[in-house]
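The residues of the chain are indexed from 1 along the displayed sequence.
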Amino acid sequence: MTDKPDSIFSSYTDPIPPIRFDVQIIPIKQDGETFLYFQDQYGYAPDDFAVPHSARNIFSLFDGQRSIEDLMEYTGNGVTKEQILEYVQFLDGNALLHSPYFREFAEKTELDYERSDVHESITAGLAYPDDAEEMTHFLNEAFDKLPTADPVQTAKALYAPHIDIRVGMNSYVKAFSAIKDLKPKRVVMLATSHYSGMYPDVYEERPFVISGKDFKMVNGTVKTDRETIEQISNLISGDEESFGVTFRDRAHRVEHSIEQHLIFLKHLWDHDFSMIPILVGGLDELFYKADGFQGQQVENFTGLLADLFAEDDDTFFLISGDLAHVGKKFGDDKPAKEMFEDIRNFDDSFLSHGASGSHQQLLDLMSEKYDPYRICGYPPLYAFLKIKPELKGDVLTYDFWDESERESGVSFGSIIYR
C-alpha cells in the first residue's frame, strides 16, 4: 500500500465510501460481453473506465454504511477481505467513490486548472475528430454538403447552439456560414454555464465567470484578450460582488458551450482575433424580483460591457445557448414527443423576443412559468440584450433533437444581429 496516497481508503472496519452519485453507470456490450461504463461529466474519473457487469451486485452494497467486514457475509467462492479492499482502492484511486481521497483529488484538479494558462479541449474526440487534418476534412464536408446562409458583411452578434455537433451540424453550418466573412479583432463570448452550480462556495452570487486562459482547440488555439480582461478586473477591483463577477474560472474546466463555437471560428476565420470568454450562470432570481440584488449585478456588469464594447466596431458578440430541454431525461413525467407543440410555441416566442432585441419581453416570457422548459440559452442571451438593447436580429435556424430512445429532446436555434 506504500505507493498509494494516504487518503485512499484502507480500512476493513470503517464504512466503504459510496459510489459517487454524480457518476452515471451505463451498461455497454462489447464482443458479446456486458460492461458497466462510468460516465463522469465532471471529468475526474478516466474517460474509458469500465468494469464487468457482474460488479453491479457489489456496488449496490457500497451504501456508505457497510464495511468490508460487513460485506464478507455477502461474498462467496473464496473471496477474501484483501481482495475486496484491493477492489475498493481501485475504485477510489480512479475518483469513483465519494471519499476523502476523491475530495482531495477533485480540489487539486480544480486548483491546477485555475493556475494554468491554457484550457485544453474537453470535446475533441467526442463530438468531432481530435486530429487537425481529420477535423478540417470533417468541417469542409459539412459546409460543402449542408445548406448555408448568405454571408453578411456587417453584424454585431450571433446567438447559436452548443448542442452536440453530431446532432446539430445543420444549425451550426447555417449559423456560422452567415459570419464567415467578418473580421473582428475581438470576440466577447457569453455562454451558458452548466457547471458553476457544482461549486456553490465559489459562485454563490457570482453569475459571471471570466477566464483569462487561451483555449487550445484541435484546429488551433484561440488567444484570450488578457489586456482587456485585466482592464475589466481593474475597473471592478474591490467591488466584484456588486458586478456579480469572478475570475476563478474552474467552471470553464469541463464546459463545452464555448468550445463548440470556437472550432467553427477557427475553421472559417483566418485572421488574428482574441476573445473574452464569459460563462453566465443561472439568472433565476430575476423571475421573482427583477430589480433585486441579482438584477442590480446584471445591470452593473452588462452596463460595463456596454461601455467598453457596444459601440466598438472591432468587437463581435458570440452568444452560446440551446433552447428547451424536455422529457423524462430532464425530469418531466411524460415523453418529449407529447410536448412538441407546446415546446415549439414557447421556443418561437423566445426566439422572436430575442430577435426583437427586447430583454424585458424575454424576461417576461421566462418568468411567466419560471422557465418551464429549462432553456439554458436564457442567461447569456438576456445578458447580451441588456448590453445592446433594442438591437434587431433575424432568426436563422430552429431544430429539435428527438432523443426518442430516452423519451427526451432538446431544441436549439440561432439569431444573427446586424
(message) My understanding is that only residues two or more places apart in sequence, or in another chain, count here; which of them pass side-chain hydrogen bond (donor to acceptor under 3.5 Å, both in side chains) with Glu338?
(response) none
(request) Using only heavy-atom distances, determine whether the side chains of Tyr398 and Asp347 contain a donor-acceptor pair under 3.5 Å. (result) yes
(request) Would you mind checking if Arg418 and Asp394 are paired as a salt bridge, meaning a charged N to carboxylate O distance below 4.0 Å? (result) yes
(message) Does either side chain, that of Asn140 or that of His267, offer a donor lying less than 3.5 Å from an acceptor on the other one?
(response) yes
(message) Between His256 and Thr123, do the side chains contain a donor N or O and an acceptor N or O under 3.5 Å apart?
(response) no
(message) Check the orientation of Tyr199 and Tyr203. Use parallel for under 30°, tilted for 30 to 60°, and perpendicular for over 60°.
(response) perpendicular
(request) Report the residues that fulfil salt bridge (Lys or Arg N to Asp or Glu O under 4.0 Å) with Arg248, sequence neighbours left out, ordered by chain and then residue number. (result) Glu114
(request) Name all pairs fulfilling the salt bridge (Lys or Arg N to Asp or Glu O under 4.0 Å) condition that reach into residues 182-203, sequence neighbours left out, sorted by first residue then second. (result) Lys183-Asp270, Lys185-Asp314, Arg186-Asp225, Arg186-Asp312
(request) State which residues pass side-chain hydrogen bond (donor to acceptor under 3.5 Å, both in side chains) with Ser7; sequence neighbours excluded, sorted by chain then number. (result) Glu104
(request) Report yes if some heavy atom in the side chain of His98 is under 4.5 Å from a heavy atom in the side chain of Arg103; otherwise report no. (result) yes
(message) Checking side-chain polar atoms at under 3.5 Å, does Tyr113 have a donor or acceptor matched by the opposite partner on Glu120?
(response) no
(message) Assess the residue pair His119 and Glu259 against the criterion (side-chain hydrogen bond (donor to acceptor under 3.5 Å, both in side chains)); give the C-alpha distance rounded to whole Å, side-chain angles, the decisive distance to 0.1 Å, and a yes or no.
(response) CA-CA 10 Å; His119 170 93; Glu259 291 191 13; 2.6 Å; yes
(request) State which residues pass salt bridge (Lys or Arg N to Asp or Glu O under 4.0 Å) with Lys386; sequence neighbours excluded, sorted by chain then number. (result) Glu299
(request) Would you check if the distance from the ring center of Phe90 to the ring center of Phe49 is below 6.0 Å? (result) yes
(message) Using a 6.0 Å distance limit plus a 45 degree cone around the ring axis, check whether Arg374 lies over the aromatic ring of Phe350.
(response) no
(request) Might you work through the ring-ring contact (aromatic ring centres under 6.0 Å, His included) test for Phe208 and Phe243, ending with a clear yes or no? (result) CA-CA 8 Å; Phe208 301 105; Phe243 286 85; 9.7 Å; no
(message) Between Glu405 and Lys329 (salt bridge meaning N to carboxylate O under 4.0 Å), is one present in this structure?
(response) no
(request) Would you check if Ser99 and Phe9 make a side-chain contact, meaning some heavy-atom pair closer than 4.5 Å? (result) no
(request) Using the test side-chain hydrogen bond (donor to acceptor under 3.5 Å, both in side chains), find all partners of Lys29 that sit at least two apart in sequence or belong to another chain. (result) none
(request) For this output row, return yes or no: ring centroids of Phe330 and Tyr373 closer than 6.0 angstrom. (result) no
(request) Compare all side-chain heavy atoms of Asp322 with those of His162 and state whether any distance is below 4.5 angstrom. (result) yes
(request) Please name the pair of heavy atoms, one in Gly212 and one in Ile229, separated by the smallest distance, quoted to 0.1 Å. (result) CA-CD1, 3.9 Å
(message) Check this for me, if you would: do Glu311 and Lys156 make a salt bridge, where the nitrogen-to-carboxylate-oxygen distance has to be below 4.0 angstrom?
(response) no
(request) Verify the distance criterion only: is there a donor paired with an acceptor across the side chains of Asn345 and Glu341 at less than 3.5 Å? (result) no
(message) Can you tell whether the side chains of Lys369 and Asp371 come within less than 4.0 Å, N to carboxylate O?
(response) no
(request) Begin with the C-alpha distance, continue with both residues' side-chain angles, and end with the deciding distance and a verdict on side chain to side chain contact (heavy atoms under 4.5 Å, CB included) for Leu308 and Thr315. (result) CA-CA 10 Å; Leu308 292 173; Thr315 296; over 6 Å; no
(request) Give a yes or no on whether the ring-centroid distance for Phe384 and Tyr417 is below 6.0 angstrom. (result) yes
(request) Give the ring-plane orientation class for Phe59 versus Tyr87, where under 30° counts as parallel, over 60° as perpendicular and anything between as tilted. (result) parallel
(request) Would you kindly say whether His261 and Tyr172 are connected by a side-chain donor-acceptor distance under 3.5 Å? (result) no
